[in-house]
**Q** 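The structure's right below; bear with me while I get my questions together.
As the structure is a prediction and not an experimental result, all values here were calculated from the model. Heavy atoms only: backbone and side chains are in, while hydrogens, waters and symmetry mates are out. Letters A, B, ... are given to chains in the order of the sequence lines, protein chains preceding strands, and every chain is numbered from 1.
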Protein chains: 4
Amino acid sequence: MVSSRSRRRLSPEARRGELIDAAIRLLDSGQDVTNWVQAVTAEADAAKGTFYVYFSSWEEMLVAVRNRVLRDYVDRFQRLTESTEPIDWWATLDAECAAAIEAIARQGGLHAAVFHSNSALGPMDEGQQDTVAAIAKALHRGMDEGAFRPVDPHIAATILFSVLHSAADAIATGEQSQRWLTVVHDLTRHWLAPP
Amino acid sequence: MVSSRSRRRLSPEARRGELIDAAIRLLDSGQDVTNWVQAVTAEADAAKGTFYVYFSSWEEMLVAVRNRVLRDYVDRFQRLTESTEPIDWWATLDAECAAAIEAIARQGGLHAAVFHSNSALGPMDEGQQDTVAAIAKALHRGMDEGAFRPVDPHIAATILFSVLHSAADAIATGEQSQRWLTVVHDLTRHWLAPP
Amino acid sequence: MVSSRSRRRLSPEARRGELIDAAIRLLDSGQDVTNWVQAVTAEADAAKGTFYVYFSSWEEMLVAVRNRVLRDYVDRFQRLTESTEPIDWWATLDAECAAAIEAIARQGGLHAAVFHSNSALGPMDEGQQDTVAAIAKALHRGMDEGAFRPVDPHIAATILFSVLHSAADAIATGEQSQRWLTVVHDLTRHWLAPP
Amino acid sequence: MVSSRSRRRLSPEARRGELIDAAIRLLDSGQDVTNWVQAVTAEADAAKGTFYVYFSSWEEMLVAVRNRVLRDYVDRFQRLTESTEPIDWWATLDAECAAAIEAIARQGGLHAAVFHSNSALGPMDEGQQDTVAAIAKALHRGMDEGAFRPVDPHIAATILFSVLHSAADAIATGEQSQRWLTVVHDLTRHWLAPP
DNA sequence: TATGAATGAGACTTCATTCAT
DNA sequence: AATGAATGAAGTCTCATTCAT
């Protein structure tokens, strides 16, 4: 062993953050890790025991990762909903779809771990619900302003979320992103545009 | 405690079938099993070692389960594609959607295991691809016959598959199935009906 | 590693017995073991995992050891109580005291582990209670037959048990057994002999 | 969460004393503590590291606790031995027995920890020997003054010590203290009273 | 073919102790 | 003197898989 790490004393937030960062990096990398705690602490240049100072189990870390990942989405849609400027809903929808697909497809392993994990967190856990709720709120406002046809916003948001995921998964496994973007664009137009 | 079972001699196919049945029952039950081989053999009233007579690893069993589960779907769509009768595409689509959602929602754990499994089989594994391909073929014929608007059949099938899953997941976690069926119906109409 | 142990297949009772034997041997040896499961399985020429086939934790093994050790005592006193022969109570008492002290002193580590363990088993656990009860019953009969002064049999048995332990501990740490035997003899005479 | 404590500066003796007090409180409480250093420092409202400023290991703390606990007993018997007043030996013996039983029974966990500890300190460790020696000395003087029958004082003291412990254990687990006191009283009379 | 006792690598976790601040 | 974040050796336990019967 070469890199004799010397005790790095950090503030709890900093260390916790470094651990989460390391976990995201590994999750994202798609490597086939079996010993996650060991791998993450190595990646974060910390001792194995340090992990358990901040997380009482690997599950708890997954929750933290999930929260950090979803926060991004929630924030974006929240800003949208709270904005007082006039919004070009269709341009925004297209942009968000493209951005989401691109982001998910890029960090392949991460999203699989965060969303497809068959761990203690069931399908549709809290974090995911928040995201869907944020999307629903935005759609709701778009309907109020007449940009979208009235449909159940919660269900529509859930479907949208799921479609974007499909697209990203497909793109991540090698399908052409342009075709998918076109189809998604076409789907949203036909589905949500007012007559 | 003397077990009532002692060397039940079965034909290999029968024994293998019993093991798969047992696995499906357990997978479907949604119980939090950690020790799968042990649980399945107990459920099938067989000894642990017997498992390895028929499957060389747990992964192999998962493949067998997956194949059996997907065969259903594939068969239905195949029959549709091969039929020479005239088909009422919209009635068929509605019926298939409703049936799929109902089936997936009912057997919650099983589908999670088969589709969301984070095991060696990646997202969009072979079995799933077969299913999607079967749906795509059916959609394709529907387009040829003018019932559906022309869209990329593979992508459309993938999206449909994913939407049905979302619906089933939502229903399984307690949402009202009627509302979802309505929205899915509405979505397919607007998306796929010719102008 | 040299002694490549080859899979020895034993009946569950035999294997369980071997493990308990090994545990008793080690406990008795007084060695300072930290990793008991590892040490016991090595001593029993078994794999570590085998331990957990028969005991779900080290505590459970301790209970088994305790039970086996105490069974001896209980049996002896039971035989005494159930005998229909006339009994020379004082000769018997002296003999039992000497035998008990000798046995306990000989297997120093074992009794310390079994009785002084501050583990989940509180002081005066079930096994110990059985032993005391067996002694009490014998004393009771001795009183009935007029050999002993009437005293509370349960309390007297408890005290006797504890005095014998003290004696054995003292002898095990090097004190002269003859002096102790004399004092115990003298104590029982004065305490229990009828006026 | 900002702790209200911040660098309470105490004199070394005071801080050491607080730590021992905290340890005694916890040991006495009978709670099932696994993490002693952590528990004691929390109880003493000090930081974990502070423990090692005053004790170089947990064993050292146990020694300190033991010394403080045994000092009480030793002092009482020492005073007895050194007193020049005439002593009513039987009244004193009864009183000491009752007091010891009561004290031990009350602080159940503490005495178990101090006397039954299966730690590095064997049975009959130094502290216990001091106590027994102090009792022996008192008995010795009582014999010299003709109050007690001559018996080996060291052995008698050891037995007495052990009997008192039995009584306390029994009372602590719910038996009636009055019965035990009576039997102990009766035992000492018959055993130690001159003819 | 069927069995189930046996295996052991390795995952998970703890906690006394250290040490930079 | 006091702190508490960091450490890592070492313990407990699991479970897919093997193999003697």
**Q** If you look only at distance, which donor and acceptor atoms sit under 3.5 Å apart when one is on a side chain in residues 17-27 of chain B and the other is two or more places apart or in another chain?
**A**
unit_1: B:Glu18; atom_1: OE1; unit_2: B:Arg8; atom_2: NH2; d: 3.0
unit_1: B:Asp21; atom_1: OD1; unit_2: B:Arg68; atom_2: NH1; d: 2.6
unit_1: B:Arg25; atom_1: NH1; unit_2: B:Glu43; atom_2: OE2; d: 2.5

**Q** Check the distance between F:dA1's C1' and D:Glu18's CD and give it to me in whole angstrom.
**A** 14 Å
**Q** E:dA20 C1' sits how many Å from A:Arg9 CZ, rounded?
**A** 6 Å
**Q** Take nucleotides 11-18 of chain F nucleotide by nucleotide from the 5' end and write B, S or -, depending on whether a protein heavy atom sits under 4.0 Å from the base, only from the sugar-phosphate, or from neither.
**A** SBBBSBBB
**Q** Distance check: side-chain N/O of C:Arg8 vs OP1/OP2 of F:dA20, anything under 4.0 Å?
**A** no
**Q** Hey, are the side chains of A:Val40 and A:Trp58 touching, using non-hydrogen atoms and a 4.5 Å cut-off?
**A** yes
**Q** Taking CZ from D:Phe55 and P from E:dC15, how many angstroms apart are they, rounded to a whole number?
**A** 20 Å
**Q** So that I can compare with my own list, what are the stems of DNA chain F, taken as at least three consecutive Watson-Crick or G-U pairs with distances under 3.5 Å?
**A** E:2-21 with F:2-21
**Q** Closer than 4.0 Å, any side-chain N/O of C:Arg16 to the OP1 or OP2 of E:dA6?
**A** no
**Q** Does any pair with a residue in residues 32-41 of chain A pass salt bridge (charged side-chain N to carboxylate O under 4.0 Å, His left out), and if so which ones, sequence neighbours excluded?
**A** none
**Q** Rounded to whole angstroms, how far apart are CG on C:Leu10 and C1' on E:dT7?
**A** 14 Å
**Q** Is it true that a side-chain atom of C:Thr50 and a backbone atom of C:Ala46 form a donor plus acceptor pair closer than 3.5 Å?
**A** no
**Q** Who are the side-chain hydrogen bond (donor to acceptor under 3.5 Å, both in side chains) partners of C:Ser29, not counting sequence neighbours?
**A** C:Gln31
**Q** Spell out, as yes or no, whether a donor-acceptor pair under 3.5 Å connects the side chain of C:Thr173 to the backbone of C:Asp169.
**A** yes
**Q** The side chain of A:Arg15 lies closest to which of these nucleotides: F:dT7, E:dT7, F:dT3?
**A** F:dT7
**Q** Which residues pass the side-chain hydrogen bond (donor to acceptor under 3.5 Å, both in side chains) test with A:Gln38, not counting sequence neighbours?
**A** none
**Q** Expressed as a whole number of angstroms, how long is the span from C:Glu13:CD to E:dG4:P?
**A** 14 Å
**Q** Distance-only, no hydrogens or angles: does the C:Arg15 side chain make a donor-acceptor pair with backbone N or O of C:Leu10 under 3.5 Å?
**A** no
**Q** Output the distance between atom CG (D:Leu110) and atom CG (D:Asp28), rounded to the nearest 0.5 Å.
**A** 5.0 Å
**Q** Whole angstrom is fine here: how far is it from OH in A:Tyr54 over to P in F:dG4?
**A** 12 Å
